[in-house]
J.: 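Pasting a structure below so you can have a look.
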Amino acid sequence: MIKRRSTRLVHVGGLPMGAGGPVTVQTMARSPLDDIDGNIREIAAAARAGCDIIRLALPNAVQAARFGVIAARSVLPVVADTHFDWRTTLAAIREGAAKVRINPGNMDPDGLRRVVDAAGERGLPIRIGGNSGSILHRAGAPAADADLPRLMAEELLEWAARMEDMGFRDIVLSLKTPDAAGTVRATRLAAAASDYPLHLGVTAAGLREDSLYKSAAAIGALLLDGIGDTIRFSFTGDMAGEVEAGAALLRSLELRRSGAEVVSCPVCGRCRVDLPALAREVRLRLSGIRVPLRVAVMGCEVNGPGEAKAADLGIASAGGTIHLFVGGRVVEKVAASDAVERLAAEAERLAAERGKEAPAC
Ligand code: SF4
């Protein structure tokens, strides 16, 4: 079990963030704000994939009414991502944002005070984000030995202290650099020096195939330290992929226990089926299950049930037939063509039993 860092508690819509609550998954919608239906479709798809919080970019106050319509129809709490103009942030708060994301370093000081007052009145948290790019922008060319992660953490904590001086406490921090090591170091420093909930992610991380490993390394290392209350994988142009990766990482660290987790063996010379295709079919068939369940798809009946003892149930190929096992014990042998449906029926029965015992988290 991971021992989570203790933080203060904020709320994003109805969702608790921090204080040991569930680690949430976030993403950003990609549709422009004037495509209201497109945004709603994206949000619904994100929710189905396991997303908890959606963020929308609000470029200016003129578009705030559209933001409000989307926030009112959204099935997920909506965070407004605003920059520079405090009037835009105020408009987002007025239009129903559940949280706002700002960079206080690029906001007029009087405007920042107004934003803080408005968020405080409505009980909204503010995420203040530091990234290495903004530090470089302000500091100019850094010395060759400059410790950018430390500069980021120090600057962000100074801004948080200023907001606390204004009487505002519901602060969430994020410290992102384009590389895993810098993100981990900056975030660890901020975590050690404060009790703010932390949003984890790597900035400008690239296409899925590049970002996946970088983001998993950074976010995973921090989560294993007990650091992090909400996460976002950042993939160029791939919202669903971001959510799936975030939810899968949380499941792999046992920080999320909902839905069917499909585990499968790596395959060796004993396997006589197309196991990747079978595992994908099972994954798709069980995607509607909401209670935690570990389902194994194994390449042979010789070692499969034993190797997958930790799974709740599973199937192991035996050539033309498939062995269905529950709790590591073979309970039935079925024709290969019936295997997925028989497994699904058993999984749904187990899920229904568990659903009566405890709600999914
Ligand atoms: Fe090989 Fe069977 Fe183990 Fe899969 S379960 S890796 S097929 S021995």
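Ligands are counted one by one from 1 in listed order, and the atoms in each one are counted from 1 as well.
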J.: Looking only at protein heavy atoms, which one is nearest to atom 3 (Fe) of ligand 1, and how far off is it?
T.: Glu307 OE2, 2.8 Å

J.: Just do the salt bridge (charged side-chain N to carboxylate O under 4.0 Å, His left out) check on Arg272 and Glu301 with the steps written out, would you?
T.: CA-CA 10 Å; Arg272 282 160 289 157; Glu301 83 285 17; 3.7 Å; yes

J.: State which residue, out of His199, Arg127, Arg101, fulfils the side chain to side chain donor-acceptor pair (under 3.5 Å) condition with Ser174.
T.: Arg127

J.: Which atoms of ligand 1 sit under 4.0 Å from any heavy atom of Cys265?
T.: 4 (Fe), 5 (S), 6 (S)

J.: How close do Ala61 and Thr88 get, counting heavy atoms only, and between which atoms?
T.: N-OG1, 3.3 Å

J.: Could you measure the distance from the CD1 atom of Ile128 to the CD atom of Glu158? Nearest 0.5 Å is fine.
T.: 11.0 Å

J.: Where is the nearest protein heavy atom to atom 1 (Fe) of ligand 1: which residue, which atom, and how far?
T.: Cys268 SG, 2.3 Å

J.: When you measure from atom 2 (Fe) of ligand 1 to every protein heavy atom, which one gives the shortest distance, and what is it?
T.: Cys300 SG, 2.3 Å

